[in-house]
Amino acid sequence: MESMSGEELLERYSQDWSHYVKSTKTVNDIFAYLNQYWIKRNHDEGGSAVPIKKTRLDTGLLNQIMQAVFEQITQLRCNQGIRENLIKSVAESFVSLGVERHMEVETKDFYERKFEQPFLRETSTFYNRKTKDLSTTTKVLDYMKEVEFILGRENLLADKLLHPDSKEKLLHTIVEVLIEQPQESFREVFDNLLEEKRETELLRLYNLLVRIKDGLLPLREKFRARIFAVGTETISNIDKSLKPQQYAEVFVRDSLRIYEEYHSLFESSFKNNVPGHSDYGKQDSGFSEALSQGVASFINSTALLPPSEDSPDKRNEMAQRKAAELISVYCDHLLKKGSKISETDRIHAITPVLSISKFLAARDFFLEKYRQSLSRRLISNNYESIDFEKIVLGLSGLSEEKQAVTNLQSMLNDVQMSIELSETFNSLNRQKPGFEFSFRILTKGKWPLKAEKSSLQLPPSLAQTWQHVPKYYDGKHVNRILNPLWKFSKVHIVPTYLNTPVKKGQYLMVSTLQYAVLGLFEDKTESLTWEAIAERTLDVSQKDDAQTVKSHAEVIKATLATLVHTGAMLVVPNDAQPGPGASYRLNLDFKFKPKQRVVNLDIQLKADRKREDVEADERVEEDRKHLIQAAI
């Protein structure tokens, strides 16, 4: 064989090796007794006999064989055909030649030193010779395709020709040369690929860099920064002059669009497709965290706020609460009664909204605002159904908050039980024609409402019915005290006093406080002074309590302000504020808009909204104190 080279040498070597393997098996069978028993006894007596199966390979011939192997592998890497079985035969023979002295145990020591290590060195040299012009994005992308092809080819080569333990070492050598050395060029094109959302190229880039230690760390940070930059720019461009509900809708839709875009990109481009990798087939947890951080950072950013001189910490807290409020406002908009879309479509619409609520920094504030909104919907009967509200509480984004959901469900249970109680009450206490009555009994502490001492003198038509409710309820539940919340109660009235007759089905929706005020005007043309209205709506049994008289006056001021603001009443003089010197009368020219069935006069003024926000802040802060104390 010394005079041979290339494929001719490998073929002759393969033939001789095959003959040798068969011969040694025959010899081993003949001398099995000596090899198995006599040699052991010889060793026990201090001898140095060896099994009759020993081979040596001339060093010069070994080098010739390996050179021939390299030539064949080079042809294969240059896309030329070779006889793969010859390379496989050499590799297997080198493994078999590693027989330890005195023992019939094969080791890879000889194979590793004489075949594997030279093979890896030759591989490194071969791929280092490949020029790497990575000066443009196009050249980098073409290079990545080539590297991907090379890895696939070398993977097959290792499976077919080498010992199984050599595969990982071969691929590591190629990764070191073709990926680890030019990794900065890969990272430089990442921003362009991300901006253009080139999913295929991003996936290829990811599955190359995932092979090297910490190769993805800079990319994850760039991914997070990109989401934050796009998000904050989008949020900053929202028209700050929009009405609260419109602003909330635009904010949520823009936030959802950005989240869904980059979540889709994450699922398609950051999945491990490297065979044999410990995370094969899995989405990248690091990019998942970067996605969450990026979305959370722009949703809670100060881009939501107009410029101010507040401290950075104060602005951050304000922005976090603003984001929570906007998402709760949009949820309330989707859940209110009267929507033209079906319940199923509304579930589909609100599910992603609740999913991005997980990114809120002021998560507790969102839950409190959601609780406020639910309270308003239930009290004003502006909800689709109790069952529908319960389905929403089971959606991801709410269902994880066990304690909060329990409180919200208790509110729904209160309403459900109250409906049954109210129906039973009406069956026992028949109402006069044209008069319908119902009540809701709410558990104190479960609702975001203050149970203040009542000072209202009810109109006779309502007082006659109400007086039976406490007696009826006491018969059902002994020793439970009812505190009326007239401020939140609703009355539907048909305004027959208007100059323009109302059509069938048209009515005004007012609070019980507003109803008490409107009911004072028995003569529709008369005027009443501020003092007369305050006095005649005050419970006669509390007229001597100075503190009650004072608080009642404040309540009536707010009530008159809303009636004037909505145009249901007129004040003289026109610019007068509720108080001494002001007189009030009904606006007989009040008109319904075309096709308008209901006019809600019980609107929430800015002062009321601000007070509710303060109360919500106080409840959140109080809950946080408990959590901090528990943690300490």
Side-chain angles (χ1 to χ4, degrees), residues 132 134-141 143-144 147-148 175-176 178-237 254-274 277-304 312-313 315-316 319-320 323 355-363:
K132 304 185 188 74
L134 305 178
S135 57
T136 66
T137 298
T138 302
K139 290 178 179 178
V140 173
L141 297 182
Y143 177 76
M144 288 196 308
V147 173
E148 187 178 51
V175 166
E176 186 176 7
L178 298 182
I179 300 176
E180 191 165 350
Q181 292 177 10
Q183 61 181 290
E184 286 305 319
S185 297
F186 292 171
R187 290 169 182 160
E188 287 172 5
V189 303
F190 181 75
D191 287 330
N192 290 338
L193 298 180
L194 194 58
E195 183 177 358
E196 297 170 13
K197 297 183 176 60
R198 298 174 66 170
E199 297 178 359
T200 303
E201 287 81 0
L202 283 170
L203 180 62
R204 181 176 294 118
L205 176 61
Y206 170 82
N207 279 290
L208 293 179
L209 289 178
V210 76
R211 298 170 182 267
I212 63 177
K213 184 180 180 182
D214 298 333
L216 296 172
L217 289 180
L219 270 58
R220 289 167 181 153
E221 175 55 28
K222 286 185 175 185
F223 187 58
R224 184 207 64 78
R226 175 71 184 173
I227 296 171
F228 173 71
V230 172
T232 49
E233 181 182 4
T234 303
I235 299 305
S236 299
N237 292 332
D254 283 349
S255 299
L256 265 177
R257 175 178 54 79
I258 295 169
Y259 168 68
E260 288 172 351
E261 281 181 9
Y262 284 95
H263 186 267
S264 174
L265 194 64
F266 161 73
E267 289 194 324
S268 62
S269 302
F270 303 120
K271 182 178 181 180
N272 192 316
N273 291 332
V274 180
H277 196 282
S278 58
D279 291 328
Y280 176 72
K282 297 179 181 178
Q283 297 293 147
D284 188 279
S285 59
F287 274 94
S288 176
E289 185 177 352
L291 172 65
S292 298
Q293 290 176 352
V295 174
S297 59
F298 85 75
I299 281 182
N300 297 286
S301 72
T302 54
L304 281 168
D313 287 344
R315 283 180 60 78
N316 285 335
Q320 291 168 7
S355 70
I356 65 166
S357 72
K358 298 176 184 178
F359 301 117
L360 291 171
R363 179 86 175 137

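We use all heavy atoms of the structure for the numbers below, so side chains are in, but hydrogens, waters and symmetry mates are not. Numbering starts at 1 and runs along the sequence shown.
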Can you sort out the partners of Tyr259 under side chain to side chain donor-acceptor pair (under 3.5 Å), two or more places apart, ordered by chain and number?
none
Are any of the side-chain heavy atoms of Tyr143 and Pro182 separated by less than 4.5 Å?
yes
For Arg363, check salt bridge (Lys or Arg N to Asp or Glu O under 4.0 Å) against everything at least two apart and list the hits.
Glu401
His263 side chain reached by Val295 side chain, heavy atoms, under 4.5 Å
no
Any idea which heavy atoms bring Phe266 and Ser288 closest together, and the distance?
CE1-N, 3.4 Å
Do the non-hydrogen side-chain atoms of Leu265 and Leu291 ever get within less than 4.5 Å of each other?
no
Please examine the side chains of Leu216 and Phe287, heavy atoms only from C-beta on, and report whether any two atoms are closer than 4.5 Å.
yes
Least distance between heavy atoms, Ala319 atom then Ser301 atom
CB-O, 3.3 Å
Can you tell if the side chain of Phe298 reaches within under 4.5 Å of the side chain of Ser255, non-hydrogen atoms only?
yes
Note: Phe359 and Ile299 closest approach over all heavy atoms is CB-CD1, 4.4 Å
Ignoring hydrogens and angles, write down the donor-acceptor pairs under 3.5 Å from the side chains of residues 226-235, residues two or more places apart or on other chains.
residue	atom	partner	partner atom	Å
Thr232	OG1	Phe228	O	2.8
Thr232	OG1	Ala229	O	3.1
Thr234	OG1	Val230	O	2.8

So, do Phe190 and Leu193 sit near enough that their side-chain heavy atoms are less than 4.5 Å apart?
no
In Å and rounded to the nearest 0.5 Å, what is the CG to CZ distance from Asp191 to Phe223?
12.5 Å
Under the side chain to side chain donor-acceptor pair (under 3.5 Å) test, residues paired with Ser355 that sit two or more places apart
none
Residue list, side-chain contact (heavy atoms from CB on, under 4.5 Å) with Glu260, at least two apart or on another chain
Leu256, Pro352
Can you pull out every side chain to side chain donor-acceptor pair (under 3.5 Å) where at least one residue sits in residues 291-300? Sequence neighbours excluded, please.
Glu289-Gln293
Show every donor-acceptor pair shorter than 3.5 Å between a side-chain atom in residues 207-215 and any protein atom, with sequence neighbours excluded, or say none if there are none.
residue	atom	partner	partner atom	Å
Asn207	OD1	Asn273	N	2.6
Asn207	ND2	Leu203	O	3.0
Asn207	ND2	Lys271	O	3.2
Arg211	NE	Asn207	O	3.2

List in chain and number order the residues that pass side chain to side chain donor-acceptor pair (under 3.5 Å) with Glu199, two or more places apart in sequence or in another chain; answer none if no residue qualifies.
Ser268
Interatomic spacing from CD1 in Ile179 to CE in Met144 - rounded to 0.5 Å:
10.5 Å
Salt bridge (Lys or Arg N to Asp or Glu O under 4.0 Å) partners for Arg204, two or more places apart:
Glu148
Go through the structure and list residues passing side chain to side chain donor-acceptor pair (under 3.5 Å) with Glu195, not counting sequence neighbours.
none
Counting C-beta onward and ignoring hydrogens, is there a side-chain heavy-atom pair between Leu219 and Leu205 closer than 4.5 Å?
yes
Main-chain N/O of Gln181 paired with Glu176 side-chain donor or acceptor, under 3.5 Å:
no
Under 3.5 Å, is there a donor-acceptor pair between the side chain of Asp279 and the main chain of Lys282?
no
Distance check, rounded to the nearest 0.5 Å: Leu217 atom CG versus Lys222 atom NZ?
12.5 Å
On a heavy-atom basis, which atom in Ser185 and which in Val140 lie closest, and how many Å separate them?
O-CG1, 4.1 Å
Residues in salt bridge (Lys or Arg N to Asp or Glu O under 4.0 Å) with Glu221, at least two apart?
Arg224
Sorted by chain and residue number, the salt bridge (Lys or Arg N to Asp or Glu O under 4.0 Å) partners of Glu261 (sequence neighbours excluded) come out as Lys197, Arg257
